[in-house]
Number of protein chains: 2
Amino acid sequence: MPSEAVDDYLKAIYEIAGDEGRASTASLARKLSVAPASVTGMLQKLAQRKPAPVQYQKHRGARLSEHGKLRALEVIRHHRLIELFLHRVLGYSWDEVHDEAERLEHAISEQLEDRIAERLGNPEVDPHGHPIPRKDGSIPTRRDMSLLEAFVGSETTVSRVSDSNPEMLRYLAGLGISPGTKIKLTGRAPFDGPLTLEIGNSRKKQALGPTVAGEIRVTPPLNGKGKG
Amino acid sequence: MPSEAVDDYLKAIYEIAGDEGRASTASLARKLSVAPASVTGMLQKLAQRKPAPVQYQKHRGARLSEHGKLRALEVIRHHRLIELFLHRVLGYSWDEVHDEAERLEHAISEQLEDRIAERLGNPEVDPHGHPIPRKDGSIPTRRDMSLLEAFVGSETTVSRVSDSNPEMLRYLAGLGISPGTKIKLTGRAPFDGPLTLEIGNSRKKQALGPTVAGEIRVTPPLNGKGKG
DNA sequence: TCCAAAGTTTAGGTCGCCCTAAATTATGAT
DNA sequence: ATCATAATTTAGGGCGACCTAAACTTTGGA
Ligand SMILES: [Mn+2]
Ligand SMILES: [Mn+2]
Ligand SMILES: [Mn+2]
Ligand SMILES: [Mn+2]
């Protein structure tokens with residue numbers, strides 16, 4: 001079984017590059033708060049394991065092998081199940097779940113993973129709307145787009161938000177924005193200006209900066225269906 | 001914050017010697033599956049920390065300091081809360097909870113500890129009847145005795161059972177014995193022979209070997225109160 | 001084509017936690 | 001008082017995961 005450090009490397013590669021792309025040494029060093037030389041060393045070691053979780057080419061970064069990809073998804077599944085469990089069962093707010101899950105993801109057994117999933121009804125998304133990988137490594141997909149790219153006038157539903165910044169999560173919670181919330185995009189100022197929104201059933205206009213809007217993903221209403 | 005290894009040493013000392021006695025090098029080596037020389041080395045290092053969690057004297061083993069005692073109790077509190085949580089909320093059987101708790105006890109935050117305790121209604125005992133230390137380090141006490149020492153003819157209630165052997169736990173579960181179960185001791189064969197019991201409301205006699213009986217603790221009926 | 005930036009290599013080191021083997025010393029029960 | 005046992009010391013080592021500094025190589029864009 002991979003160590004916590006190895007799991008963190010695999011997860012980082014997945015988060016940076018997905019299951020196809022390559023993660024550069026520098027990007028991994030940044031994400032893991034580790035020196036570049038340490039990353040090079042670790043990637044070389046991992047690439048020589050049998051089975052190797054990563055493919056590594058000098059100066060070209062690392063790519064997950066099938067093995068590595070499955071392991072990364074396993075850890076991410078743990079993480080997101082735990083986040084949802086903390087939220088639903090233990091009353092954690094969505095800005096508190098990440099740090100706790102970051103440690104627990106390495107400590108739970110397959111059995112506990114299964115019981116948590118069962119207890120939650122085999123959920124497909126975590127509290128931030130991120131998809132929870134299935135046991136077989138497949139991922140529930142949702143076609144969505146950045147709120148930044150939505151058409152002015154469209155009525156959308158929030159599908160997910162970035163969970164990397166607790167402060168932003170609290171801000172969004174304050175605005176009443178979370179997965180499932182309806183948002184009508186009523187205006188967009190030029191030159192990367194703020195968006196104007198109607199949130200939920202409220203008619204009140206709310207301005208939202210582009211930095212925040214870029215971290216919100218939404219699904220448009222069903223194909224061509226008008227309001228009624 | 002102490003490492004997992006240090007916490008395991010403190011817990012082991014507590015389990016061997018309580019908060020007063022000393023744990024010998026050999027006993028720690030056995031319990032932790034580690035070489036005696038490693039134990040000596042670790043105890044010396046711990047005794048020099050500030051604040052030192054253990055007092056150490058050559059050839060005389062280790063004793064927990066106040067600091068060390070509180071830390072040991074903290075970890076044990078985690079362990080037992082987690083055991084009960086797994087049992088009550090996630091449907092673990094009582095022979096499955098220990099191994100899972102053994103890892104998780106090191107990974108949960110104070111916040112999670114609190115939420116678990118809250119969710120369980122601030123319980124005083126774990127699934128095996130072991131007392132759960134309180135946050136301040138005090139321990140719910142229950143006057144109980146080994147089933148081996150109970151009087152023949154007395155009607156007792158199981159207060160706790162040893163949780164160190166999953167197979168024994170499954171055996172006891174099969175007999176219908178768990179904390180809270182009523183047991184009437186109807187006979188005791190000489191020369192460390194088996195006890196004869198009536199378990200719960202059943203009138204059926206059940207023989208129980210002394211090894212198992214020694215791992216069961218019971219509370220006698222309330223002072224002098226007869227059956228009715 | 002050239003060069004800065006990114007990445008790598010090497011050499012050396014740290015820290016925590018563990019190991020062995022062999023020599024030595026202290027303890028406590030007889 | 002003796003002596004087996006328990007404990008300690010010393011010297012050496014290993015592993016995983018990190019670090020720095022400095023030299024080097026590769027890459028890719030201007
Ligand atoms: Mn992690
Ligand atoms: Mn999340
Ligand atoms: Mn442990
Ligand atoms: Mn227990």
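Here is how names work: the chains are called A, B, and so on, in the same order as the sequence lines, proteins then strands, and each is numbered from 1. In this text the structure is predicted, and so the values were computed from the model without any measurement.
For the OP1/OP2 pair of C/dC18 and a distance below 4.0 Å, the side-chain nitrogens and oxygens of B/Y9 include at least one atom meeting the criterion. Checking the phosphate oxygens (OP1, OP2) of C/dG7, no side-chain nitrogen or oxygen of A/T40 falls inside 4.0 Å. The shortest distance between the side-chain N/O atoms of B/S38 and the OP1/OP2 oxygens of C/dC17 is not below 4.0 Å. Regarding contacts with the backbone of C/dT27, a side-chain N or O of B/R60 is found under 4.0 angstrom from either OP1 or OP2. Of the side-chain N and O atoms in B/K58, none sit less than 4.0 angstrom from OP1 or OP2 of D/dA6.
The residues B/D19 and B/R63 are annotated as not salt-bridged, no charged nitrogen and carboxylate oxygen being separated by less than 4.0 angstrom. Contact check on A/E4 versus A/R103 returns no salt bridge, with no Lys/Arg side-chain nitrogen under 4.0 Å from an Asp/Glu carboxylate oxygen.
The distance between atom NE2 of A/H106 and atom P of D/dA17, rounded to the nearest whole Å, is 12 Å. Spacing between atom OH of A/Y56 and atom P of D/dT26 amounts to 12 Å, rounded to whole angstrom units. When rounded to the nearest whole Å, the span between CD of B/Q44 and P of C/dC18 equals 14 Å. At whole-Å resolution of the value, CD in A/Q57 and P in C/dT8 are 11 Å apart. Between the CD atom of B/E4 and the C1' atom of C/dC18 there is a distance of 14 Å, rounded to whole Å. A/L43 has its CG atom 17 Å from the P atom of C/dA6, to the nearest Å. For the pair A/Q48 CD and D/dG16 C1', the interatomic distance rounds to 15 Å; values are reported in whole Å. Between the CG atom of B/L46 and the C1' atom of C/dG16 there is a distance of 12 Å, given to the nearest Å.
The listed nucleotides are D/dA17, C/dC19, D/dA21; the one nearest the side chain of A/K45 is D/dA17. When distances run from any side-chain atom of A/R49 to the nucleotides D/dA17, C/dC17, C/dT8, the shortest one goes to D/dA17. Comparing C/dC17, C/dC19, D/dC18 by their closest approach to the side chain of B/M42 singles out C/dC17. Taking only side-chain atoms of B/H59, from C-beta outward, the nucleotide of D/dA17, D/dT8, D/dT27 with the closest atom is D/dT8.
Within residues 20-27 of chain B, no residue is approached by DNA chain C to less than 4.0 Å at the level of any non-hydrogen atom.
Atom CG of B/D163 and atom CE of B/M168 lie 11.5 Å apart (nearest 0.5 Å).
Comparing A/A37 and A/V6 against DNA chain D, the residue whose closest nucleotide sits nearer the 5' end is A/V6.
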Derivation and outcome, side-chain hydrogen bond (donor to acceptor under 3.5 Å, both in side chains), residues A/Q55 and A/S65: CA-CA 6 Å; A/Q55 283 146 22; A/S65 71; 5.4 Å; no

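Between the side chains of B/D126 and B/H87, no donor-acceptor pair is found at a separation under 3.5 Å. Between A/E96 and A/S93, the side chains place a donor N or O and an acceptor N or O closer than 3.5 Å (distance only, hydrogens not considered).
Pairs engaging residues 34-56 of chain A under the salt bridge (Lys or Arg N to Asp or Glu O under 4.0 Å) rule: none recorded [sequence neighbours left out].
Counting non-hydrogen atoms under 4.0 angstrom, A/V39 reaches nothing in the nucleic acid.
Separation of the A/H98 and A/H79 ring centroids falls under the 6.0 Å cut-off.
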